[in-house]
There are 2 protein chains.
Amino acid sequence: MASPPVSVGRPATIHDIAALCGVAPSTVSRALSTPDRVNVRTRERIQAAAVELNYTPNSQAKALSSGRTAAVGVLVPDITNPFYFDLIRGTQLQLKAAGYTQLLVDTEESDEVEASTLEQLRKSSDGVIVAASRLNDESLAAAAARMPMVTVNRDVDGVPAVIIDTPSAMTQALDHLISLGHISVAYIAGPVVSQSSARRWAALTQVAEDRGVQVRNLGPFAPKKQSGAAAADAAVHSGVTACIVFNDLIAIGMLQRLRERGIRVPEDMSIVGCDDIFGADFCNPPLTTLSSPIEQAGRVAVSMLLAQLNPLGGGGVRSRSVMPTHLTVRGSTTSAPGN
Amino acid sequence: MASPPVSVGRPATIHDIAALCGVAPSTVSRALSTPDRVNVRTRERIQAAAVELNYTPNSQAKALSSGRTAAVGVLVPDITNPFYFDLIRGTQLQLKAAGYTQLLVDTEESDEVEASTLEQLRKSSDGVIVAASRLNDESLAAAAARMPMVTVNRDVDGVPAVIIDTPSAMTQALDHLISLGHISVAYIAGPVVSQSSARRWAALTQVAEDRGVQVRNLGPFAPKKQSGAAAADAAVHSGVTACIVFNDLIAIGMLQRLRERGIRVPEDMSIVGCDDIFGADFCNPPLTTLSSPIEQAGRVAVSMLLAQLNPLGGGGVRSRSVMPTHLTVRGSTTSAPGN
DNA sequence: AACTCGCTGACAACCGGTTGCCATTCGATG
DNA sequence: CATCGAATGGCAACCGGTTGTCAGCGAGTT
């Protein structure tokens, strides 16, 4: 088996190919990017030479001259939050399949980092996917007006979005708790700038009113495992028998804290998380949580963005996509004490 | 508070600045990148104009003309493996601090994807950090000869490397088990192409011989949680009372499987993991594991790479860096049955 | 045979910067 | 006052592609 020619020295350019074939560089360019524009014989000669020289186009140059970078920025607030792992993998796979490069940036939960990153990405990418933006509505809408964008878990007018959300699932979660006899429930809130958290709280109050149970709002808490300690303490102090928690990270932190304090989960306190992240199935006890197809959300976000970039398809661009979620009952919920 | 000028329409270029200031574009370029080369008055005029026009350089153009992309590729075999989260965060933070962009690629545990990614990155980045390469030694060395590279957890002659390794820690792990009375121990091996796994096994056999205990090699297993089931079954079947596991992912999978099979950890079987990933502290039981400063490893890898890129500093480039690791004892290890 | 038209390839401008080289200016020095 | 060199700014080539335009050529039409 003949190994492919190993490129040695400087990578080949279209000029090298042109020289080798005795044609102009522009002909080489056309032979490779718009083959119909070139005679079959010439084209084949050029393609053979390209293979022989192990030619691969210089993406910088391509970007500069064509204006398209074949790169897409993906912004997440915290790269170490397992929630984003699956999202990132989803975007990565889908982008790669479409021939795009993923530029992953951790915005460190900061709106300023997010804004400056967006500004920079405006020139170095064809579009961006922004997960859980910490920007305010105006800034986000303004940014979206200047470059193709799809948000994840953030709904702003005029900006295409993938919502992995749980208003409907919140009903399932609360009904699950109610069916177990809980009548005093706390919502452990996420960051104030998180629209997901606000949306979940809104859904929850709505359902609670319908069902005639009490739900109180505790927090806000940072979406980190460490925050679970304060959240657990607040929950215990509030006297509720069950918590619905903004995300699994905090929920897992609560589990640990409650164990330290000798409060049994689920016997003394039931916990429902959100997202079903890595770890939710093997923590102790395994977490009852609202599962969402996160990786799929990443894929959908990419599809929506690519549809914006290449509006060839007939139909208009889908501007909002809601991912279905469902309750996964594990070991962190049971009957209310005394039931 | 005056908001910064919002860039509207096409982003400003040095030509716009040049026109505004009545100078040549080259002067603008110098004023911004080699300020000493330009008269103070002119420079300040240009800088003011740059701010006013909200100028940010086009990185593509910069890359094309200067040959440096200010981007660094980071290759990991599996982006959803929590081990890499911290590594990625480490590289991301350090790269951003140095003004570089991180190009993250998931090579899907495939040597082919890895090779083609490296070839592509050769032109679109200034250097690469390759974690847990699945490439053979020759290919890796060849790739490293063609572009600046630092490997993580992979030691190949002539390629600068950060080794988060555990030969010394393996001693601690085995001695820990021996002190608990275990005399029959299994090593649950990772992928055959993983040098880390081979290195750990080598260290283990060495120590085992010194101490006069039996250690057997089981596997190989894919570095995924699901592999834990097979690994657990193999361990049980082999009759050992303790396992040292290639990584925490497999170890956690084993925990789940053993629980399903009614085998108690640690009473019936002790488990020691490697890496202390997210989840190792809250699984059930919490995992005794070899902890490593993974995020720091990422930072060090970046530092070593940047030292290669800008060899200004006096001293030679450090070509190998070993991160210290230590045993973290949690709940998955205890005395051997019958002791 | 003259004319038109499509196919094909070359030329050159351009994307937005960087950089080598040269001309001018100016102050300092002999 | 002539000379020299440093400081400064401009010109133009270049990085590696893309793309608009045009000329040459051959085939088809009348």
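Below, read A as the first sequence line, B as the second, and so on, with proteins coming before strands; counting in each chain starts at 1.
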Using the side-chain heavy atoms of Y55(B), tell me which of these nucleotides is nearest: dG17(C), dC15(D), dG9(D). dG17(C)
Could you check how far CG of L32(A) sits from P of dT18(D), rounded to whole Å? 8 Å
Rounded to whole Å, please give me the gap between CG in D36(A) and C1' in dC7(C). 12 Å
Has the side chain of R30(B) got a donor or acceptor atom sitting under 3.5 Å from an opposite partner on the base of dG10(D)? yes
Taking the side chain as everything from C-beta on, heavy atoms only, tell me whether V130(B) gets closer than 4.5 Å to S133(B). yes
Distance only, no hydrogens: is a donor on one side chain within 3.5 Å (strictly under) of an acceptor on the other, for T56(A) and K123(B)? yes
Closer than 4.0 Å, any side-chain N/O of S29(B) to the OP1 or OP2 of dT18(C)? yes
In terms of the nearest nucleotide of DNA chain D, which residue is placed more toward the 5' end: R43(B) or P57(A)? R43(B)
When you get a sec, tell me which of dC22(C), dG16(C), dT8(C) is the closest nucleotide to the side chain of T42(A)? dT8(C)
Expressed in angstrom and rounded to an integer, what is the separation of Q60(A) atom CD from dG16(C) atom P? 15 Å
Take the protein atom NZ of K62(A) and the nucleotide atom C1' of dC15(D), then report the distance between them rounded to whole Å. 16 Å
Nearest of dC22(D), dG17(C), dC11(D) to any side-chain atom of A24(B)? dC11(D)
Counting side-chain heavy atoms from CB outward, which of dC22(C), dG17(D), dG17(C) is closest to I14(A)? dG17(D)
Judged by modelled atom types alone, do Q102(A) and T91(A) share a side-chain donor-acceptor pair under 3.5 Å? yes
Between S33(A) and dG17(D), does any side-chain N or O lie under 4.0 Å from OP1 or OP2? no
V156(B) side chain near L135(B) side chain, heavy-atom distance below 4.5 Å: no
Separation of dT8(D) C1' from I46(B) CD1 (nearest whole Å): 11 Å
Which of dG17(C), dG9(C), dG16(D) is nearest the side chain of T13(A)? It is dG16(D)
Nearest whole Å is fine: how far is dA12(D) C1' from H15(B) NE2? 12 Å
Examine dA10(C): is either OP1 or OP2 under 4.0 Å from a nitrogen or oxygen in the side chain of T27(A)? Give yes or no. yes
Specify the separation, in whole Å, of atom CG of N58(A) and atom P of dG16(D). 7 Å
Could you tell me whether the phosphate oxygens of dT8(D), OP1 or OP2, come under 4.0 Å of any side-chain nitrogen or oxygen in N39(B)? yes
When you look at R134(A) and E112(A), which way does the salt bridge (Lys or Arg N to Asp or Glu O under 4.0 Å) test go after all the steps? CA-CA 9 Å; R134(A) 302 315 194 205; E112(A) 289 172 26; over 6 Å; no
Does S66(A) get its side chain close enough to the base of dC15(C), under 3.5 Å, for a donor-acceptor pair? no
Given the structure, check if the side chain of S65(B) and the base of dC14(D) hold any donor-acceptor pair shorter than 3.5 Å. no
Taking the nucleotide of DNA chain D with the nearest heavy atom to each, does G22(B) or K123(B) sit closer to the 5' end? G22(B)
